[in-house]
Amino acid sequence: MKSVFALSALAALAQAQSPCTLANIDGPGVTTFESGSRVQVTVNRVCTCEDGDFIECSAPVEGEEGVMVRAGVAAALEEDEVVERPVDISRSFNQILGDFEAEDFVFDFRMVPVESMGIGGLVQPVGLGAFPVLALGDVAVTRFTLDPCGLNLPHVHPRGTEIIFMFKGSKLRTSFAGENGGPVITLDITNDTSTFFPQGLIHGQQNMGCDTVAFISSLNSADPGLQTITSNFFRLPIEGVAGSLDISAEEAEELRDGLPLNIVLTSKDQGQCMKKCVF
């Protein structure tokens with residue numbers, strides 16, 4: 001058992017971070033969980049709330065103490081009450097399905113919050129935390145909106161294959177690179193077309209038109225992971241980064257400090273797309 005002092009220290013730390021919220025399954029409203037809490041978000045999934053996001057999700061562990069329960073999942077508990085018994089994960093699919101209402105399977109992107117916004121567009125993920133029903137199908141869904149010449153930075157999903165469907169715009173350039181020595185697949189898609197990116201390969205998208213592009217991304221994992229290539233590469237020891245690029249450590253640090261983190265516009269000096277679009 002944690003001491004009163006330890007629990008107080010954890011509570012003070014949590015107050016400095018954003019809480020997590022979940023829609024109640026058994027009625028209207030939401031429940032808020034402090035950062036640092038372990039939360040039973042579905043009958044077969046327990047996650048840790050960390051600064052507004054649910055991470056480190058796993059099956060419930062018998063005897064784990066201090067787990068909060070989402071309203072309507074296993075029991076209607078008072079706020080801050082802990083689970084007194086382990087969660088039964090031996091139930092059938094239909095029994096688990098019964099924990100959800102029909103409206104839980106609808107994702108209204110007019111209501112889905114924007115997770116990240118850059119100068120070239122925005123991203124709206126249907127996250128496992130706010131929509132735990134995703135765990136039933138082990139899928140993830142995100143809506144992307146790319147402004148003219150907007151670039152979704154090259155990245156990797158280590159645990160999921162991604163398929164995208166473009167429903168607005170004129171020209172979206174997609175690409176992915178095979179393993180070392182393999183080919184690079186680059187193609188342009190347009191409205192009402194689709195393509196996919198195999199699990200674990202570097203890929204990205206860029207709006208090559210002068211109109212807005214919108215597309216839906218679906219992955220075959222509720223927790224596919226995301227690693228943006230440039231920002232994660234520059235998190236490595238700077239000497240190794242500099243050696244890889246054949247530049248000095250000082251030059252590598254300058255590059256690192258100027259890296260974008262979100263969707264960006266292509267360079268006005270070098271981007272062919274920017275040269276043809278009049279803003």
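Residues take their numbers from the sequence shown, with the count starting at 1. Not measured: the values here are computed from a predicted model.
Side-chain atoms of Ser248 come within 3.5 Å of backbone atoms of Glu251 as a donor-acceptor pair (strictly under, hydrogens ignored). A distance-only check finds a donor-acceptor pair linking the side chain of Gln199 to the backbone of Pro158 [under 3.5 Å].
Disulfide check for Cys149/Cys210 fails, with the SG atoms at least 2.5 Å apart.
A single hydrophobic cluster is not seen to contain both Val184 and Ile229; linkage of ILVMFWY side chains at heavy-atom distances under 4.5 Å, directly or through other members, places them apart. In the hydrophobic clustering of ILVMFWY residues, with side-chain heavy atoms under 4.5 Å counting as a link, Leu236 and Phe234 come out together. In the hydrophobic clustering of this structure, Val112 groups with Val133; members are Ile, Leu, Val, Met, Phe, Trp, Tyr whose side-chain heavy atoms approach within less than 4.5 Å, directly or through other members. Put simply, Leu134 and Phe165 are part of the same group of oily side chains (I, L, V, M, F, W, Y) that touch within less than 4.5 Å, one to the next. Cluster annotation: Phe176 is not connected to Val156 through the hydrophobic network of ILVMFWY side chains, with a link wherever side-chain heavy atoms come within less than 4.5 Å.
Scanning all heavy atoms of the two residues, the minimum distance from Ile238 to Ala249 falls at CG1-O, 3.9 Å. Shown here for Asn207 and Lys171, the closest heavy-atom pair between the two residues is OD1-O, 3.3 Å. Nearest approach of Val106 to Phe131, heavy atoms of both residues: O-CE2, 4.5 Å. Nearest heavy atoms, Pro113 versus Pro125: O-CD, 4.2 Å. Minimum interatomic distance between Cys49 and Phe33 (heavy atoms only, all atoms of both residues): SG-O, 3.7 Å. Among all heavy-atom pairs drawn from Ser218 and Val141, the shortest one is OG-CG2, 4.3 Å.
Using modelled atom types and a 3.5 Å distance limit, the side chains of Gln227 and Asn232 yield no donor-acceptor pair. No donor-acceptor contact under 3.5 angstrom links the side chains of Arg159 and Ser221, judged on distance only. In the model, Thr161 has no side-chain atom that pairs as donor or acceptor with a side-chain atom of Asn220 under 3.5 Å. Using modelled atom types, one finds no donor on one side chain facing an acceptor on the other under 3.5 Å when comparing Thr174 with Gln205.
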side-chain contact (heavy atoms from CB on, under 4.5 Å), that's the test. Do Leu146 and Ile263 meet it? Break it down for me. CA-CA 8 Å; Leu146 293 182; Ile263 294 175; 3.6 Å; yes
Set out, in order, the CA-CA distance, both residues' side-chain angles and the distance that settles side-chain contact (heavy atoms from CB on, under 4.5 Å) for Glu64 and Arg38, then state yes or no. CA-CA 10 Å; Glu64 182 178 3; Arg38 287 284 286 170; 3.0 Å; yes
side-chain contact (heavy atoms from CB on, under 4.5 Å) between Ile164 and Phe144, worked out: CA-CA 10 Å; Ile164 66 172; Phe144 287 83; over 6 Å; no
Apply side chain to side chain donor-acceptor pair (under 3.5 Å) to the pair Glu34 and Ser37, showing each step before the final yes or no. CA-CA 6 Å; Glu34 292 184 348; Ser37 300; 5.2 Å; no
Please report the C-alpha distance between Glu162 and Ser217 in whole Å, then the side-chain angles of each, then the deciding distance to 0.1 Å, and finally whether the side chain to side chain donor-acceptor pair (under 3.5 Å) criterion is met. CA-CA 7 Å; Glu162 178 181 15; Ser217 161; 2.5 Å; yes
Under the criterion side-chain contact (heavy atoms from CB on, under 4.5 Å), I'd like the reasoning laid out for Leu136 against Phe93: C-alpha separation, chi angles, the key distance, then a yes or no. CA-CA 8 Å; Leu136 271 178; Phe93 176 84; 3.6 Å; yes
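When each of Thr142, Val139, Leu219, Asp138 is checked for a side-chain contact (heavy atoms from CB on, under 4.5 Å) with Pro224, only Leu219 meets the rule.
For Asp246, the CG atom sits in a loose shell: 12 or fewer heavy atoms of surrounding residues, nucleotides or ligands are nearer than 6.0 Å. Environment of CD1 in Ile202: sparse, with no more than 12 heavy atoms of neighbouring residues, nucleotides or ligands closer than 6.0 Å. Annotation: Glu103, atom CD; neighbour count of heavy atoms from other residues, nucleotides and ligands within 6.0 Å is above 12.
Ring centroids of His203 and Phe197 are separated by less than 6.0 Å, placing the two rings close together. The aromatic ring centres of Phe215 and Phe167 sit 6.0 Å or more apart.
Rounding to the nearest 0.5 Å places CD1 of Ile189 at 13.5 Å from CE of Met208. We find the CG-CG distance between Asp147 and Leu122 to be 7.5 Å, quoted to the nearest 0.5 Å. How far CD1 of Ile216 is from OG of Ser194: 11.5 Å, rounded to the nearest 0.5 Å. Rounding to the nearest 0.5 Å gives a distance of 8.0 Å between CG of Leu259 and CG of Asp257. Rounding to the nearest 0.5 Å places OG1 of Thr193 at 8.0 Å from CG of Leu172. Taken to the nearest 0.5 Å, the CG atom of Leu153 stands 5.5 Å off from the OG1 atom of Thr230.
Leu255 has its side chain within reach of Ile247: a pair of non-hydrogen atoms, C-beta onward, lies under 4.5 Å apart. Counting heavy atoms from C-beta on, the side chains of Arg256 and Val241 never come closer than 4.5 Å. Considering only heavy atoms from C-beta on, Asp192 stays 4.5 Å or farther from Met166 through its side chain. Within the 4.5 Å cutoff, side-chain heavy atoms of Thr212 are placed close to those of Pro148.
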